[in-house]
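Some notes on the structure that comes next.
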Amino acid sequence: MMMALGLLGVLLTPPVLGQVHHFYSGFMSGDSLYGVEFNEQSSALSVFYNGTLNVSSSKWIATDISQKNVYIADGDNVNYIVSADTAPFTVFGAPYSAGCPGQVISVGSSGTLESVEANISYSSDSGVHGLALSADSRFIYSGDDMGGSIWTHSYNEATNTVTKLQRLNVSGNPRHLVVSPQASFVYVILEENNQLAVFNRDSTSGLLTGRNKTLSLLPTGTTRILFGRQVQSDANHSHFYSAYSNSSLYWSDEVKFSNPQEEGKYPKYLFATIRSRTSTDPGFVAAFALDITTGSINNRLFLIPTTASGGASNSISPAIFSEEYFTISDAQNNFIEVWKLGEDAQTATSIAHLDVADSPANVVWVN
Ligand SMILES: *[C@@H]1O[C@H](CO)[C@@H](O)[C@H](O)[C@H]1NC(C)=O
Ligand SMILES: *[C@@H]1O[C@H](CO)[C@@H](O)[C@H](O)[C@H]1NC(C)=O
Ligand SMILES: *[C@@H]1O[C@H](CO)[C@@H](O)[C@H](O)[C@H]1NC(C)=O
Ligand SMILES: *[C@@H]1O[C@H](CO)[C@@H](O)[C@H](O)[C@H]1NC(C)=O
Ligand SMILES: *[C@@H]1O[C@H](CO)[C@@H](O)[C@H](O)[C@H]1NC(C)=O
Ligand SMILES: *[C@@H]1O[C@H](CO)[C@@H](O)[C@H](O)[C@H]1NC(C)=O
Ligand SMILES: *[C@@H]1O[C@H](CO)[C@@H](O)[C@H](O)[C@H]1NC(C)=O
């Protein structure tokens, strides 16, 4: 059965102040949208907008490159939205349902949604959970969790047409993905395998030309890490020690670049998050240092527990005002935190915590 992808464009004007930043949060269920202010000096978080939308479920949200519009998925399992960074700033959406195509939605000059112009077609066994565009918006990459594939389609902005180019079968449940802005790599979260897979990409044809490497997103060793504290091993916790090599206790979810602060510069970091399937064990956040010339991974900076399991979310949203801050959304205990990288990015800590009434899906920073 096909599922309708409803997208609602909301034009928002948050207050703009010096060291004060703003983001919006969508929710797994319900009809609310939160606007949250983050004060960089005091690390305080406060709600400045608590709106009720005419939607059945707000779920995943996205913003455009101007940060003047927030796009909100309306409907069950409308799980991913991405807005092109190049004119005419077309919006793409993926409803997570077997055989359901993705949608290409035209926008007006102020960013308002107009109409569905084309489908991004997959296979009847496909269920796409993540979308990514190349920096030039000429290629669309889809993480097909149900169909075990990564799809490449070309997109023609002038004619609003989409052409299927490649289906690459990849085991481990490809979920969310990003294309390096330098163009040579696509980074893919393998949800079930708890791995980050790196694919080589031909920037002219857009095709994926093979796997470059695969990195584990789980700790190794025998020390149970309990909600931010390192606990000495002892015989009474053998279940938890072995849990770290037990991938079935986790499901990885998100991959995002940090946002470079100077025009023409490339990201320094790649972040990934891992959800725990139990409420009693934390999820994880990982950071990798990137080679800023090629976009390849130099090394892993850290892999540390989040402050709760993450529930169905644990999504990460790197700040747009700095490469050192990001949010984590927790849908188990229902909160949003702001985290900050430590000295030379060897670790990160939660510096601000906001409890919310419902389960947050993801957030988008607007300034
Ligand atoms: C937002 O509004 C809802 C419904 O009016 C309310 O239940 C909730 O407590 C409010 N949240 C905040 C942080 O003000
Ligand atoms: C809410 O959305 C529905 C469906 O899109 C529409 O028919 C209805 O008029 C909207 N209601 C309001 C109050 O905007
Ligand atoms: C997209 O595909 C659906 C069937 O899945 C079809 O009804 C619709 O007309 C298509 N839309 C476009 C713009 O091609
Ligand atoms: C990829 O997977 C699909 C669905 O299982 C299958 O039909 C197709 O033959 C596979 N392609 C390759 C190249 O293995
Ligand atoms: C991975 O990418 C690096 C950087 O471009 C390249 O030097 C290396 O040969 C690639 N490895 C594989 C296995 O493709
Ligand atoms: C392990 O559990 C037993 C029984 O509850 C207890 O007596 C013992 O002190 C525990 N060992 C450690 C190292 O905590
Ligand atoms: C891994 O975890 C699953 C789910 O809790 C459990 O059923 C399985 O026995 C565990 N496997 C090992 C080797 O501990």
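Both counts, for ligands and for their atoms, begin at 1 and track the order of listing.
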Original post:
Where's the contact between N200 and ligand 5, heavy-atom distance under 4.0 Å: side chain, backbone, both or neither?
Top reply: side chain
Original post:
Which atoms of ligand 3 are found less than 4.0 Å from any heavy atom of E117?
Top reply: 13 (C)
**OP:** Please write down residue, atom name and distance for the protein heavy atom closest to atom 11 (N) of ligand 4.
**Re:** N169 ND2, 2.9 Å
Original post:
Parallel, tilted or perpendicular: which describes the rings of Y122 and W151, with under 30° parallel and over 60° perpendicular?
Top reply: perpendicular
Original post:
Sub-3.5 Å donor-acceptor pair from the side chain of S149 to the main-chain atoms of G147, do we have one?
Top reply: yes
Original post:
Under 30°, 30 to 60°, or over 60°: which ring-plane class applies to F326 and F271, parallel, tilted or perpendicular?
Top reply: tilted
Original post:
Taking the six-membered ring for Trp, is the centroid-to-centroid distance between F257 and Y266 below 6.0 Å?
Top reply: no
Original post:
Are any of the N or O atoms of N212 closer than 3.5 Å to those of ligand 5?
Top reply: yes
Original post:
Nearest protein heavy atom to atom 9 (O) of ligand 5: under 4.0 Å?
Top reply: no
Original post:
For atom 5 (O) of ligand 4, what is the nearest protein heavy atom, given as residue, atom name and distance?
Top reply: D125 OD2, 3.8 Å
**OP:** Without swapping roles, check the side chain of T306 against the backbone of A308 for a donor-acceptor pair under 3.5 Å.
**Re:** yes
**OP:** Over 60° means perpendicular and under 30° means parallel, so classify the ring planes of H21 and F321, tilted if in between.
**Re:** parallel
Original post:
When the ring centroid of Y250 is compared with that of F284, is the distance short of 6.0 Å?
Top reply: yes
Subject >> Protein residue, atom and distance nearest to atom 4 (C) of ligand 5, heavy-atom basis >> reply: F185 CZ, 3.8 Å
**OP:** Return yes when Q103 approaches ligand 3 closer than 4.0 angstrom through a heavy atom, no otherwise.
**Re:** no
Subject >> atom 7 (O) of ligand 4: nearest protein contact (heavy atom, Å) >> reply: R167 NH1, 4.8 Å
Original post:
Considering the options F38, W60, W365, F48, which one meets the ring-ring contact (aromatic ring centres under 6.0 Å, His included) requirement together with Y24?
Top reply: F48
**OP:** Please could you name the atoms of ligand 3 that N119 approaches to less than 4.0 Å, counting only its heavy atoms?
**Re:** 1 (C), 2 (O), 3 (C), 8 (C), 10 (C), 11 (N), 12 (C), 14 (O)
**OP:** Would you check the N or O atoms of R211, main chain and side chain alike, for any that come under 3.5 Å of an N or O of ligand 5?
**Re:** no
